[in-house]
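See below for the structure under consideration.
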Amino acid sequence: MWVPVSLLQSKARAMNKNRPVAFVFSFAVLLLMSARVSVLHAQEPAVEAEAAPKEEQVAADEKSAKESEATESPAPVPTTVNRDKVAPDEEGRIQFNYVGQPWMQVLQDFADAAGYSLDWQELPSDTLNLTTQRSYTPKEAHDLMNRHLLARGFTMLVEGEVLSIVKVDKIDPSLVPRAEADELEDFAPHDFMRVTFDVPVSMDPAKAAEDVKILLSPNAKVTPLLASRRLLVIDAVINLRDVRSLMVA
C-alpha cells in the first residue's frame with residue numbers, strides 16, 4: 001500500500017516532539033529512586049550510632065558494679081605465725097603473738113613449747129587472736145590456753161606427757177582429774193577438775209544441785225548423790241571454789 005510521503009514526515013515530527021518529554025520523565029524517576037536509596041543509607045548509620053552508646057553504657061555500668069563489689073568485699077584476715085615467741089625463752093617462759101591463727105597450729109606450738117605430745121579428735125573451728133604483752137610460765141600459759149578453749153566448749157587434759165584436747169560435752173567423767181575440795185588452791189583457775197562436795201545438813205541434796213548450777217559455767221556437770229548427801233561437780237577450778245564456799249556456808 002502506498003503511503004504518502006507527507007504523512008510519514010508528519011508522524012516522524014510528532015515522535016520527535018514526544019521524545020524529550022519521555023526522556024525527562026525517565027530521568028525524573030531515576031532521580032527519585034536515587035534520592036530514596038540515599039535517604040535509606042543515611043538512616044542506617046544513625047541507627048548504629050544510636051545503638052553504640054547504649055552498648056557502651058551497659059559495659060560501663062557492669063564495670064562500675066564489679067568495682068563496687070570489689071571495694072565492699074572484706075579484706076582477708078592476716079595470719080601470724082611466730083614460733084620464736086611461742087618457744088620458751090632462756091627462763092622457760094612463753095609469749096604468744098597470734099592473729100587469726102587456726103587452733104591446730106596454736107596447740108601444736110604450745111605442746112612443742114611445753115614438751116607434750118599432742119592428742120586430739122576434734123578442735124574448735126574458729127581461729128585465735130591472742131597477743132600477750134608479757135611472757136608466762138608453762139603453768140600460766142597452760143591456764144591461758146585452757147581459758148580460751150573452755151570459752152569454746154573444749155578443754156585440755158594432761159596424762160603423763162600426752163596433752164589431750166577434748167570437747168566438754170563428749171568427755172568421759174572418769175578421765176577428768178579428781179581433786180578434794182580443800183586442794184583447789186593447788187590448781188590453776190581454768191583447770192577442768194572433778195570434785196565431790198559434802199552437802200550440809202541444812203540443805204536438801206537435790207535442791208542444792210539446782211542452786212549450785214547458778215555458780216557454774218555452761219560446761220559444768222552436776223550429779224547429786226542422794227544416798228550419801230554429796231554432789232559430784234565437774235567444772236573449771238575457779239567455779240568449783242565458789243561451790244565450796246556455798247557448801248560450807
Side-chain angles (χ1 to χ4, degrees), residues 94 96 103 106-107 110-111 113-126 128-130 132 134 136-249:
I94 300 170
F96 299 95
W103 275 96
V106 171
L107 294 170
F110 174 74
Y116 291 120
S117 297
L118 183 63
D119 169 59
W120 59 276
Q121 293 184 346
E122 186 175 356
L123 296 176
S125 59
D126 64 346
L128 178 65
N129 298 308
L130 177 62
T132 58
R134 67 176 183 88
Y136 296 81
T137 66
K139 185 176 181 180
E140 291 172 336
H142 183 281
D143 189 61
L144 183 60
M145 287 287 97
N146 229 3
R147 178 165 68 88
H148 286 279
L149 284 170
L150 284 170
R152 294 163 171 80
F154 290 79
T155 189
M156 292 179 174
L157 297 178
V158 177
E159 182 66 31
E161 65 174 17
V162 178
L163 176 66
S164 298
I165 311 301
V166 295
K167 195 169 185 179
V168 173
D169 61 4
K170 298 179 180 179
I171 197 170
D172 181 353
S174 64
L175 299 178
V176 180
R178 186 179 181 278
E180 297 296 332
D182 57 0
E183 297 175 344
L184 291 175
E185 272 70 29
D186 298 336
F187 299 94
H190 297 94
D191 283 346
F192 203 64
M193 306 293 295
R194 173 169 51 114
V195 178
T196 302
F197 296 96
D198 292 325
V199 179
V201 178
S202 60
M203 293 185 182
D204 175 74
K207 182 64 169 61
E210 295 301 319
D211 292 343
V212 161
K213 290 180 181 179
I214 300 175
L215 304 174
L216 302 175
S217 72
N219 301 313
K221 299 179 185 296
V222 181
T223 306
L225 307 174
L226 301 179
S228 60
R229 296 185 55 81
R230 307 184 82 186
L231 291 181
L232 175 61
V233 185
I234 301 176
D235 200 4
V237 167
I238 191 171
N239 298 326
L240 295 174
R241 292 172 184 168
D242 291 338
V243 175
R244 180 184 61 186
S245 298
L246 178 64
M247 291 297 102
V248 299

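The chain is numbered in sequence order, starting from 1.
Remark: E185 pairs with R244 by the side-chain hydrogen bond (donor to acceptor under 3.5 Å, both in side chains) rule, at least two apart or across chains. Taking the side-chain hydrogen bond (donor to acceptor under 3.5 Å, both in side chains) definition, one finds that S217 meets it with D235, sequence neighbours left out. Under the rule for a salt bridge (charged side-chain N to carboxylate O under 4.0 Å, His left out), D242 has no partner lying at least two apart in sequence or in another chain. In this structure, R229 has no side-chain hydrogen bond (donor to acceptor under 3.5 Å, both in side chains) partners at least two apart in sequence or on a different chain. Taking E210 as the reference, K213 meet the salt bridge (charged side-chain N to carboxylate O under 4.0 Å, His left out) condition, with sequence neighbours excluded. For K221, there are no salt bridge (charged side-chain N to carboxylate O under 4.0 Å, His left out) partners, not counting sequence neighbours. With sequence neighbours excluded, the residues that form a salt bridge (charged side-chain N to carboxylate O under 4.0 Å, His left out) with K207 are D211. For R152, the side-chain hydrogen bond (donor to acceptor under 3.5 Å, both in side chains) partners two or more places apart in sequence, or in a different chain, are D126.
Here CD1 of I238 is found 10.5 Å from CG of L240. Values are rounded to the nearest 0.5 Å. To the nearest 0.5 Å, the span separating CZ on F96 from CG on L144 amounts to 6.0 Å. Note that CD1 of I234 and CZ of F192 are 6.5 Å apart. Values are rounded to the nearest 0.5 Å.
R241 pairs in a side chain to side chain contact (heavy atoms under 4.5 Å, CB included) with only one of the listed residues (L184, L215, V195), which is L184.
In this structure, I94 and A141 approach most closely via the heavy-atom pair CD1-CB, 4.3 Å. Considering every non-hydrogen atom in both F197 and A181, the closest pair reads CE2-CB, 3.8 Å. Nearest heavy atom pair, residue P205 against residue L231, reads O-CD2, 3.7 Å. In this structure, E140 and Y136 approach most closely via the heavy-atom pair OE1-CA, 3.5 Å. Across all their heavy atoms, L149 and P124 have their closest contact at CD2-CG, 3.9 Å. Looking at every heavy atom in both residues, L226 comes nearest to A206 through CD2-N, 4.0 Å.
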### Task
Evaluate the criterion side chain to side chain contact (heavy atoms under 4.5 Å, CB included) for residue pair V176 and I171; output intermediate values, then yes/no.
CA-CA 8 Å; V176 180; I171 197 170; 3.5 Å; yes

Please output the side-chain donor-acceptor pairs of residues 153-164 that fall under 3.5 Å, not counting sequence neighbours, one pair per line with the distance.
from	atom 1	to	atom 2	distance (Å)
T155	OG1	N146	OD1	3.1
S164	OG	D119	OD2	3.1

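Sorted by first then second residue, the salt bridge (Lys or Arg N to Asp or Glu O under 4.0 Å) pairs that include residues 171-183, not counting sequence neighbours, are R178-E180. Sorted by first and then second residue, the pairs that involve residues 191-200 and meet side chain to side chain donor-acceptor pair (under 3.5 Å), not counting sequence neighbours, are D198-R230.
Residues H148 and H190 fail the side-chain proximity criterion, which asks for heavy atoms closer than 4.5 Å. In this structure the side chain of V212 reaches within 4.5 angstrom of the side chain of M247, judged on heavy atoms. When side chains are defined from C-beta on, I165 counts as touching L107, because their heavy atoms get closer than 4.5 Å.
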